[in-house]
Novice: 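Okay, handing you the structure first.
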Amino acid sequence: MASELHVYNSLTRKKEKFEPLHPPFVGMYVCGPTVYGDPHLGHARAAVTFDIVFRYLKHLGYKVRYVSNITDVGHLENDADEGEDKIAKKARLAQLEPMEIANYYTRRYNEAMRRMNVLPPSIQPLASGHIPEQIEMVEKILANGYAYISNGSVYFDLEKYAKQYNYGKLSGKRLEDLIAESRELQGTSEKRHPFDFALWKKADPRHIMRWKTKWSEGFPGWHLECSVMSTKYLGEQFDIHGGGLDLQFPHHESEIAQSVAANGKEPVKYWMHNNLVTINGQKMSKSLGNFITLYELFDGEQPEDGRTLPLNRTFNPQVVRFFILQAHYRSPLDFSQQALEAAEKGYKRLMNAVRLIDKLEPGDKSTVDFSKIIENTFDALNDDFNTPVVIAQLFEAVKLLNLIHDKKAQISASDLEKVKDFFHTVVFDILGLEFQETETSQIVNKLVDLILTLRLEAKKRKDYETADKIREELSKLGIRVKDTRDGFEWEFV
RNA sequence: GGCGGCGUGGCCGAGGGGCUUAGGCACAGGUCUGCAAAACCUGGUACACCGGUUCGAGUCCGGUCGCCGCCUCCA
């Protein structure tokens, strides 16, 4: 292969050659979902983005440990001081145990990801399962002098940290700007400095999720779990940390600060951030009410909260995956039904060719050359996982495959083997696309075949009235009949 | 207000100083066909605006306009 993998590092704002700290091993941590609601398109984009990274690194021969957490505790609802844990709030409203809520949405998340053919991470740790480790890290930061106790809560001492280290290097922010901005906000009594963030938060009496410590009965702060779990499973320094662009500040910035304050080391070599999903050019978000969950998209589930959905049909999870891959992960991706319908047609065209490839007959020699396409494809993958270019190259190959099928070109047996291998590797293993799940039983398949065989006989008798009627009635059932030279094909529309 | 990013043909979406076109969808023409659909083949249109650098600029620099993100939980 001519080129080598380069990844865009958010920390340096440059593409850098990828060199793991301890080859052939690669440690990768990606911020997972907070499980207090159904997974939406934004979750899908992050998961698919890093699924490609995971798959491609494995393809390159690295031994990858991929850790992606489930946040089931610790995120605050509103203002840090008044807030209530998101999961606890939902639990109180629904009269359910917090664990019940978290488990339910974790399963829903994982199921949706499975349907999009997202590989499960090597480790999927729970924040609630790592409370002792989080307490330990708070103690370490306290012992190192970068935190202080105030009224039962423990806060990170940002002012002190910023004197020695560059807080803001990841997000390009300057602490002075942040201070200037926040001065006007009301001073919060417990904190020395408005931008100090909670490492441990004392729980108010209503708060149901709580753990006993010497500081107070409470719960861990927002950013702590990722620092703790990445360190535990990947070490104090590891290769890749990923997540959505919206997590860059303050979440990831604070993770760096915590790790440096606790361990004295920069935790991450390559920071990667996927861009966000927009709907009509606006960020998809809960507060704007313009989000769309994956179950609404895949299965036509109706929103519980009376939102109106910007679509009137469902899409196969594979089509959604393909749609996501058609944009580069660092560009915004604008959602619309029209865009998804276009992706769906392209996806089908690609998959047709994948099916076709196994039926092709080799000729004596090759009159088409796939080598440039193959080279371009891997160059694109090596260039910061440029999946849109990969897909464009695949369509170039599709064109050639169709020419061969139409006998307008030919390919030698050995070249055909190469192309088959290339297609299977890229389409299935690296892009993780697969044939659409067909949910029909064998019986239905056989019945349709039977009906169409009878129709074929009618056609032979030139009884076109019957043939057309059958085709029309099947069409009403959502079955599209396609006549071929000497038979028929059909598919669900 | 501070910081960052983006404006590409009807739509989506890559590229990023000249060399070979991104690609998909839509559209038009064609092949196939009892008709149709599907499939396949072929084809056109582009780089927000104004200056500058350069032999040469969507591509670099400056400005203008517009859009978006972060600065609060968020993938």
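Note that this is a predicted model, so its numbers are computed, not measured.
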Novice: Can you tell me how far P in B:G4 sits from the matching atom in B:G43, rounded to whole Å?
Specialist: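 Rounded to whole Å, the distance is 45 Å.
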
Novice: Looking at A:F488, I'd like to know if the NZ or CZ of A:R455 sits under 6.0 Å from its six-membered ring centre while staying within 45 degrees of the ring's axis.
Specialist: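 No - A:R455 does not lie over the ring of A:F488 by the 6.0 Å and 45° rule.
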
Novice: With respect to the side chain of A:L333, which nucleotide from B:G13, B:C71, B:G69 is positioned closest?
Specialist: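 Nearest listed nucleotide: B:G13.
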
Novice: Given the C1' atoms of B:G16 and B:G58, what is the spacing between them in whole Å?
Specialist: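 To the nearest whole Å, 8 Å.
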
Novice: Out of B:G34, B:G24, B:C3, which has the shortest distance to the side chain of A:K173?
Specialist: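 Out of B:G34, B:G24, B:C3, the nucleotide with an atom closest to A:K173's side chain is B:C3.
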
Novice: Nearest to the A:Y464 side chain among B:G34, B:G13, B:C70, which nucleotide is it?
Specialist: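 Among B:G34, B:G13, B:C70, the one nearest the side chain of A:Y464 is B:G34.
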
Novice: Please collect all salt bridge (charged side-chain N to carboxylate O under 4.0 Å, His left out) contacts where either partner lies in residues 40-57 of chain A, sequence neighbours excluded, each pair once.
Specialist: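 Only A:D51-A:R55, A:D51-A:R321 qualify under salt bridge (charged side-chain N to carboxylate O under 4.0 Å, His left out).
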
Novice: Has the side chain of A:K283 got a donor or acceptor atom sitting under 3.5 Å from an opposite partner on the base of B:C68?
Specialist: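 Answer no: no donor N or O sits under 3.5 Å from an acceptor.
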
Novice: Would you tabulate the nitrogen or oxygen pairs shorter than 3.5 Å linking the protein to nucleotides 26-31 of chain B?
Specialist:
unit_1	atom_1	unit_2	atom_2	d
B:A26	OP1	A:K345	NZ	2.8

Novice: Please report, rounded to the nearest Å, how far the C1' atom of B:C11 is from the CD atom of A:E344.
Specialist: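 So the CD-C1' distance, A:E344 to B:C11, works out to 16 Å.
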
Novice: From B:A38, B:A75, B:C40, pick the nucleotide closest to the side chain of A:K482?
Specialist: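 Comparing B:A38, B:A75, B:C40 against the side chain of A:K482, the answer is B:A38.
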
Novice: Say we look at B:G15 and B:C32: how far apart would their P atoms be, to the nearest angstrom?
Specialist: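 Roughly 41 Å separates the two P atoms.
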
Novice: Mapping A:A467 and A:F322 onto RNA chain B by nearest heavy atom, which one lands closer to the 5' end?
Specialist: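 By nearest-heavy-atom nucleotide position, the 5'-most residue is A:F322.
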
Novice: How many whole angstroms separate atom NE2 of A:H252 from atom P of B:C3?
Specialist: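 From A:H252 NE2 to B:C3 P: 24 Å.
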
Novice: Applying side-chain contact (heavy atoms from CB on, under 4.5 Å), name anything that partners A:R174, two or more places apart in sequence or on another chain.
Specialist: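 Counting only residues at least two positions away or on another chain, A:R174 forms a side-chain contact (heavy atoms from CB on, under 4.5 Å) with A:E176, A:D177.
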
Novice: State which of B:A38, B:A75, B:C35 makes the closest approach to the side chain of A:R480.
Specialist: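 It is B:A38.
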
Novice: Check the distance between B:G23's P and A:L431's CG and give it to me in whole angstrom.
Specialist: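 Atom-to-atom, A:L431 to B:G23, this comes out as 18 Å.
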
Novice: May I ask you to say what A:L276 touches in the nucleic acid, namely base, sugar-phosphate or nothing, with a heavy-atom cut-off under 4.0 Å?
Specialist: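 Result for A:L276 = base.
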
Novice: What's the separation between atom CG in A:L350 and atom CD in A:Q318, rounded to the nearest 0.5 Å?
Specialist: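 Answer rounded to 0.5 Å: 11.0 Å.
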
Novice: What nucleic acid atoms does A:G42 come within less than 4.0 Å of, heavy atoms only: base, sugar-phosphate, or nothing?
Specialist: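 Base contact.
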
Novice: If you only use heavy atoms from C-beta on, which nucleotide in B:C41, B:A22, B:C35 is closest to the side chain of A:A392?
Specialist: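 Side chain of A:A392 sits closest to B:A22.
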
Novice: Could you give the distance separating B:U8 and B:A48 at their C1' atoms, to the nearest angstrom?
Specialist: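 Here B:A48 and B:U8 have their C1' atoms 10 Å from each other.
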
Novice: Select one nucleotide: of B:A14, B:G34, B:C74, the one nearest the side-chain heavy atoms of A:P388.
Specialist: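 Between B:A14, B:G34, B:C74, the one nearest the side chain of A:P388 would be B:A14.
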
Novice: Got a donor-acceptor pair under 3.5 Å from the side chain of A:D334 to the base of B:C12?
Specialist: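 For A:D334, whose side chain was compared with the base of B:C12, there is no donor-acceptor pair (under 3.5 Å).
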
Novice: Of the listed nucleotides (B:A14, B:C70, B:C3), which one gets closest to any side-chain atom of A:D246?
Specialist: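 Selected nucleotide: B:C70.
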
Novice: Separation of A:H405 atom NE2 from B:A39 atom P, in whole Å?
Specialist: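 Those two atoms, NE2 and P, are 14 Å apart.
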
Novice: Contact class for A:G32 (heavy atom, under 4.0 Å): base, sugar-phosphate, or nothing?
Specialist: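 Sugar-phosphate, no base atom in range.
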
Novice: What nitrogen or oxygen pairs link the protein and nucleotides 15-21 of chain B at under 3.5 Å?
Specialist:
unit_1	atom_1	unit_2	atom_2	d
B:G15	OP1	A:N386	ND2	3.0

Novice: Between A:Y161 and A:F156, is the gap from one ring center to the other below 6.0 Å?
Specialist: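 Yes, close enough.
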
Novice: Parallel, tilted or perpendicular: which fits the ring planes of A:H130 and A:Y233, with parallel below 30° and perpendicular above 60°?
Specialist: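 Taking A:Y233 first and then A:H130, their aromatic rings stand perpendicular (interplane angle over 60°).
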
Novice: What I want to find out is whether A:E190 reaches A:K201 closely enough, with some N-O distance under 4.0 Å, to be called a salt bridge.
Specialist: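 Result for this pair is yes, salt bridge flagged.
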
Novice: Would you classify A:V277 as touching base, sugar-phosphate or nothing, given that sugar-phosphate means primed atoms plus P, OP1 and OP2, and contacts are heavy atoms under 4.0 Å?
Specialist: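 Counting heavy atoms under 4.0 Å across all strands, the contact made by A:V277 includes a base.
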
Novice: Considering only the C1' atoms, how many Å lie between B:A39 and B:A75, rounded to the nearest integer?
Specialist: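 That atom pair is separated by 38 Å.
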
Novice: If only atom types and distance count, is the side chain of A:Q248 paired as donor or acceptor with the main-chain N or O of A:G172 below 3.5 Å?
Specialist: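 Not confirmed, A:Q248 side chain does not pair with A:G172 backbone.
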
Novice: Do the numbers put A:R307 on top of the ring of A:F291, so that NZ or CZ is under 6.0 Å from the six-membered ring centre and no more than 45° off the axis?
Specialist: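 Judged by the rule (NZ or CZ under 6.0 Å from the ring centre, within 45° of its axis), A:R307 counts as positioned above A:F291.
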
Novice: Could you tell me the separation between the CG atom of A:N402 and the C1' atom of B:A38, rounded to a whole number of Å?
Specialist: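 The distance from CG of A:N402 to C1' of B:A38 comes to 13 Å, rounded to the nearest Å.
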
Novice: Please determine, for the side chain of A:D468, which listed nucleotide (B:G34, B:A36, B:C74) has the closest atom?
Specialist: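 Among the listed nucleotides, the one closest to the side chain of A:D468 is B:G34.
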
Novice: Any chance you could measure A:I479, atom CD1, to A:I451, atom CD1, to the nearest 0.5 Å?
Specialist: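 Taking CD1 in A:I479 and CD1 in A:I451, the distance rounds to 7.5 Å.
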
Novice: Reckon A:Q338 touches a base, only the sugar-phosphate, or nothing at all at heavy-atom distances under 4.0 Å?
Specialist: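 Sugar-phosphate contact only - A:Q338 comes under 4.0 Å of backbone atoms but never of a base.
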
Novice: Check whether any side-chain N or O of A:T34 sits under 4.0 Å from OP1 or OP2 of B:A75, and answer yes or no.
Specialist: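 It does, given that an N or O in the side chain of A:T34 lies less than 4.0 Å from OP1 or OP2 of B:A75.
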
Novice: Give A:D483 one of three labels, base, sugar-phosphate or nothing, depending on what nucleic acid heavy atoms sit under 4.0 Å from its own.
Specialist: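 Result for A:D483 = base.
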
Novice: Under 4.0 Å between a side-chain N or O of A:N275 and OP1 or OP2 of B:G69?
Specialist: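 A:N275 to B:G69 OP1/OP2: no side-chain N or O under 4.0 Å.
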
Novice: Between A:F298 and A:R115, is there a cation-pi geometry (under 6.0 Å to ring centre, at most 45° from the normal)?
Specialist: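 Pair A:R115/A:F298 does not count as cation-pi.
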
Novice: Looking only at atom C1', what distance separates B:A28 and B:G44, rounded to whole Å?
Specialist: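 Nearest-Å result for B:A28 against B:G44 at atom C1': 9 Å.
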
Novice: Identify which nucleotide among B:G24, B:C74, B:A39 has an atom closest to any side-chain atom of A:R349, counting heavy atoms from C-beta outward.
Specialist: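 Nearest listed nucleotide: B:G24.
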
Novice: Just wondering, do A:M113 and A:L294 contact through their side chains at under 4.5 Å, heavy atoms?
Specialist: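 Yes, at least one pair of side-chain atoms sits under 4.5 Å.
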
Novice: Main chain of A:K14, side chain of A:N9: is a donor-acceptor contact present, judged purely on distance under 3.5 Å?
Specialist: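 No; judged by distance alone, with no hydrogens or angles, the pair does not exist.
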
Novice: Mind checking the C1' distance from B:A26 to B:G13? Whole angstroms is fine.
Specialist: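 One C1' to the other, the span is 14 Å.
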
Novice: Could you list the residues that satisfy side-chain contact (heavy atoms from CB on, under 4.5 Å) with A:Q337, not counting sequence neighbours?
Specialist: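 With sequence neighbours excluded, A:Q337 shows a side-chain contact (heavy atoms from CB on, under 4.5 Å) to A:L311, A:N312, A:R313, A:F315, A:E341, given in chain and number order.
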
Novice: Check A:E457 with A:K460, please: is the shortest side-chain N to carboxylate O separation under 4.0 Å?
Specialist: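 Between A:E457 and A:K460 there is no salt bridge, as every charged N stays at least 4.0 Å from the carboxylate O atoms.
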
Novice: Using a heavy-atom cut-off of 4.0 Å across all strands, would you classify A:H40 as base, sugar-phosphate, or nothing?
Specialist: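 If one applies the 4.0 Å heavy-atom cut-off, A:H40 turns out to touch a base.
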
Novice: For the base of B:G24 and the side-chain ring of A:F395, does the geometry meet a stacking cutoff of under 5.5 Å between centres and under 30° between planes?
Specialist: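 No, the aromatic ring of A:F395 does not stack with the base.
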
Novice: Enumerate, in order of first residue number, the stems that involve RNA chain B, defined as 3 or more consecutive Watson-Crick or G-U wobble pairs with both distances under 3.5 Å.
Specialist: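 Detected stem regions: B:1-7 with B:65-71, B:10-12 with B:23-25, B:27-31 with B:39-43, B:48-52 with B:60-64.
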
Novice: Is the closest basic N to carboxylate O distance between A:E111 and A:R114 below 4.0 Å?
Specialist: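 A salt bridge links A:E111 with A:R114.
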
Novice: Between B:U42 atom C1' and A:K399 atom NZ, what is the distance in whole Å?
Specialist: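 So the NZ-C1' distance, A:K399 to B:U42, works out to 9 Å.
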
Novice: In whole Å, I'd like the distance from the CG atom of A:L394 to the P atom of B:G13.
Specialist: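 Atom-to-atom, A:L394 to B:G13, this comes out as 19 Å.
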
Novice: Report the glycosidic orientation of B:G4: syn if within 90° of 0, anti in every other case.
Specialist: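 It is anti.
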
Novice: Take atom C1' in B:C41 and the same atom in B:A46, then report the distance between them in whole Å.
Specialist: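 Nearest-Å result for B:C41 against B:A46 at atom C1': 25 Å.
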
Novice: Take atom NZ of A:K462 and atom P of B:C35, then tell me their distance rounded to the nearest Å.
Specialist: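 From A:K462 NZ to B:C35 P: 11 Å.
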
